[in-house]
Engineer: 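First the structure, then my questions, so here it is.
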Amino acid sequence: MSHQLFGNADSAITIKLDAIVANWRYIDSLSAPTTKTAAMLKANGYGLGSGAVATALAQAGCELFFVANLTEAIELRAVFCQTGDVNIKIIVLHGIQYGQESDFSAHRLVPVLNDLDQISCWRLFAAKTGKPLPALLHFDTGMTRLGLDTNQTNWLIHNRQALEGLELHYVMSHLVSGEVVDDPVNAQQLARFNEIRHWFSDTPASLANSAGTMLGKDYHFAMTRPGIALYGIHPCENLDSPLLSTFEWQARILQIRDAAAGDKVGYGGTHQLARDSTIATLGVGYADGYNRK
């Protein structure tokens with residue numbers, strides 16, 4: 001099972017959907033059966049086509065999908081409506097912004113709430129609709145990126161009424177150095193996350209990204225969130241990785257020519273031939289993602 005993404009008429013990337021599914025199943029096998037394995041589909045499934053990837057993973061049993069923003073989420077919901085997977089959960093990492101509430105509700109999307117403003121926005125809309133609304137609650141434990149900071153976290157712990165009207169599916173955080181197995185920051189973050197999780201003991205938890213899935217079951221909790229590993233890239237750059245390659249890039253040979261020793265090749269003559277050679281020119285360039293360096 002595969003599909004193709006064409007860069008131009010002279011090159012194509014073939015996506016191996018079976019390999020992506022196999023990688024998801026491998027990552028899923030690393031955790032307990034009670035731990036759900038989600039799938040990251042942000043940036044159009046890491047450039048490999050979120051619709052095709054999501055459809056294949058849903059058929060394999062994946063129930064939880066993460067995207068970056070509202071636009072990606074609406075596009076993915078349309079895919080699942082076409083395939084009949086109407087109960088699939090789509091979770092939006094960037095959270096909800098003022099003015100997006102109706103779209104989140106209409107498309108049955110779940111925001112990751114990253115700060116008190118987002119909590120207030122979603123909670124006020126819940127009060128307006130008169131029904132509880134789903135959400136994930138994100139705590140920053142060291143990334144200094146998205147998520148409630150220390151001050152907001154401490155405030156929320158002592159003001160839990162600020163969450164009234166919200167149905168928390170998970171509390172979550174994100175690892176800073178999960179790909180560095182022996183980095184003490186991992187254990188520090190785990191300890192910090194467990195401290196926070198203590199105050200939300202009735203809510204399932206999620207910490208592990210791709211690298212976190214490979215740090216051991218202490219990091220798995222109720223849900224893991226693999227991204228790059230699904231697409232065949234081992235987060236720790238393990239060359240003996242069991243992860244499968246998920247795409248092939250093929251290009252048309254436009255011309256084959258002979259060149260003499262001493263001829264220079266390419267802009268700036270960056271390569272000088274040491275011997276008589278045969279030169280093939282492929283129909284790809286940096287517009288297709290080929291690094292011009």
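FYI, side chains are in, hydrogens and waters are out, and symmetry mates aren't considered; it's all heavy atoms of this structure.
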Engineer: Assess whether atom CG of N87 is packed by more than 12 heavy atoms of other residues, nucleotides or ligands within 6.0 Å.
Structural biologist: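 12 or below, so no.
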Engineer: Mark yes or no for whether S210, through its side chain, and A229, through its backbone, hold a donor-acceptor pair below 3.5 Å.
Structural biologist: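 Confirmed, S210 side chain pairs with A229 backbone.
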Engineer: Backbone N or O of N194 within a donor-acceptor pair of the H198 side chain at under 3.5 Å?
Structural biologist: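 Looks like no, no N/O pair under 3.5 Å.
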Engineer: Side chains of L133 and E167: does their closest heavy-atom pair fall under 4.5 Å?
Structural biologist: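 No, too far: nothing below the 4.5 Å cut-off.
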Engineer: Applying the side chain to side chain donor-acceptor pair (under 3.5 Å) test to D28, which of T213, T37, T35 qualifies?
Structural biologist: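 Running side chain to side chain donor-acceptor pair (under 3.5 Å) over T213, T37, T35 with D28 returns exactly one hit, T37.
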Engineer: How many angstroms lie between CD in Q189 and CZ in R192, if you round to the nearest 0.5 Å?
Structural biologist: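 Q189 atom CD to R192 atom CZ measures 11.0 Å (nearest 0.5 Å).
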Engineer: R160 side chain to W199 main-chain N or O, any donor-acceptor pair under 3.5 Å?
Structural biologist: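 Between the backbone of W199 and the side chain of R160 there is a qualifying donor-acceptor contact (under 3.5 Å).
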Engineer: Taking all heavy atoms of Y231 and all of G45, pick out the closest pair and write down the distance.
Structural biologist: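 So the minimum-distance heavy-atom pair works out to CE2-O, 3.6 Å.
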Engineer: Donor-acceptor pair, N114 side chain versus L93 backbone, under 3.5 Å?
Structural biologist: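 A pair under 3.5 Å: yes.
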Engineer: Going by atom types only, do H94 and N69 share a side-chain donor-acceptor pair under 3.5 Å?
Structural biologist: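 No, no side-chain donor-acceptor pair sits under 3.5 Å.
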Engineer: Would you mind telling me which of L48, L76, V79 makes a side-chain contact (heavy atoms from CB on, under 4.5 Å) with L41?
Structural biologist: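 Single pass found, and it is L76.
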Engineer: Quick check on side-chain contact (heavy atoms from CB on, under 4.5 Å): which of I196, L163, T203 does L137 satisfy it with?
Structural biologist: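 With L137 as partner, I196, L163, T203 yield a single side-chain contact (heavy atoms from CB on, under 4.5 Å), made by L163.
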Engineer: Using the salt bridge (Lys or Arg N to Asp or Glu O under 4.0 Å) rule, collect all pairs that involve residues 122-144, keeping only residues at least two apart or in two chains.
Structural biologist: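 For residues 122-144, and leaving out neighbouring residues, the salt bridge (Lys or Arg N to Asp or Glu O under 4.0 Å) pairs sorted by first residue read R123-E164.
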Engineer: Starting at OG of S177, measure out to CG of L215 and round the result to the nearest 0.5 Å.
Structural biologist: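 Here the rounded value is 10.0 Å.
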Engineer: Would you say that L148 contacts L116 through its side chain, given a criterion of any heavy-atom pair below 4.5 Å between the two side chains?
Structural biologist: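 Yes - at least one pair of side-chain heavy atoms lies under 4.5 Å apart.
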Engineer: Please list, one pair per line, the donor and acceptor atoms closer than 3.5 Å that link side chains of residues 268-286 to other protein atoms, with sequence neighbours excluded.
Structural biologist:
residue, atom, partner, partner atom, Å
Q272, NE2, G262, O, 3.1
D276, OD1, A261, N, 2.8
S277, OG, R275, O, 2.9

Engineer: Is there side-chain contact between L166 and L113, with heavy atoms separated by less than 4.5 Å?
Structural biologist: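 L166 vs L113: side chains touch.
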Engineer: Which heavy atom of P134 sits nearest a heavy atom of L109, and at what distance?
Structural biologist: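 Shortest heavy-atom contact: CG-O, 4.4 Å.
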Engineer: Give the table of side-chain donor-acceptor pairs shorter than 3.5 Å for residues 49-67, with sequence neighbours excluded, one pair per line with atom names and distance.
Structural biologist:
residue, atom, partner, partner atom, Å
S50, OG, N44, OD1, 3.4
T55, OG1, G51, O, 2.8
E63, OE1, K36, NZ, 2.8

Engineer: With no hydrogens and no angle check, is any side-chain donor or acceptor of S29 less than 3.5 Å from a backbone partner on Y26?
Structural biologist: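 Checked: pair present.
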Engineer: Can any side-chain N or O of N186 pair as donor or acceptor with the backbone N or O of V180 at less than 3.5 Å?
Structural biologist: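 Between the backbone of V180 and the side chain of N186 there is a qualifying donor-acceptor contact (under 3.5 Å).
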Engineer: To the nearest 0.5 Å, what is the distance between OG1 on T141 and CZ on R197?
Structural biologist: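 Here the interatomic distance stands at 13.0 Å.
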Engineer: Does E248 pair with K16 as a salt bridge, N-O distance under 4.0 Å?
Structural biologist: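 The answer is yes: the pair qualifies as a salt bridge.
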Engineer: Are Y170 and F200 close enough, and set up right, to give a ring pair (Phe, Tyr, Trp, His ring centres under 6.0 Å), and what steps lead you there?
Structural biologist: CA-CA 9 Å; Y170 294 89; F200 299 87; over 10 Å; no
Engineer: With a 4.5 Å limit on heavy-atom distance, are the side chains of C121 and E101 in contact?
Structural biologist: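 Sidechains of E101 and C121: in contact.
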Engineer: To the nearest 0.5 Å, what is the distance between CH2 (W155) and OG1 (T150)?
Structural biologist: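 Going from CH2 on W155 over to OG1 on T150, the span is 16.0 Å.
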Engineer: Do the side chain of R225 and the main chain of A38 share a donor and acceptor less than 3.5 angstrom apart?
Structural biologist: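 Absent.
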Engineer: Between S206 and T224, is there a donor-acceptor pair closer than 3.5 Å when you use the side chain of the first and the backbone of the second?
Structural biologist: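 Not at all, since once roles are kept as given, no pair shorter than 3.5 Å links the two residues.
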Engineer: Look only at the side chain of N159 and the backbone of A162, and say whether a donor-acceptor pair between them is shorter than 3.5 Å.
Structural biologist: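 Answer holds: no.
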Engineer: Check for a donor-acceptor pair, side chain of E72 on one end and backbone N or O of A68 on the other, with a separation under 3.5 Å.
Structural biologist: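 Such a contact is found between E72 side chain and A68 backbone.
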Engineer: Determine whether H234 and E179 make a side-chain contact, defined as any pair of heavy atoms from C-beta on separated by less than 4.5 Å.
Structural biologist: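 SC-SC contact between H234 and E179 ruled out.
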Engineer: Minimum heavy-atom separation for A32 and K217, please, with both atom names.
Structural biologist: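 What the structure gives for the nearest pair is N-CE, 4.4 Å.
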Engineer: Starting at CD1 of I96, measure out to CD of Q118 and round the result to the nearest 0.5 Å.
Structural biologist: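 Interatomic distance, I96 CD1 to Q118 CD, rounded to 0.5 Å: 8.0 Å.
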Engineer: Measure the shortest side-chain to side-chain distance between T246 and L230 over non-hydrogen atoms and say whether it is less than 4.5 angstrom.
Structural biologist: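 No; the side chains remain at least 4.5 Å from each other.
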Engineer: Do L156 and I119 make a side-chain contact, defined as non-hydrogen atoms from C-beta onward lying under 4.5 Å apart?
Structural biologist: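 In short, these two side chains touch, coming nearer than 4.5 Å.
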Engineer: Can you find a heavy atom in the side chain of V265 that is under 4.5 Å from one in the side chain of D263?
Structural biologist: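 No, every pair of side-chain atoms sits at 4.5 Å or beyond.
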Engineer: So which heavy atom on S105 is nearest to which on W122, and how close?
Structural biologist: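 Shortest heavy-atom separation between S105 and W122 comes out as N-CH2, 4.3 Å.
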Engineer: How long is the straight-line distance from CD1 of I90 back to CZ of F80, given to the nearest 0.5 Å?
Structural biologist: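 If I round to the nearest 0.5 Å, the distance is 5.5 Å.
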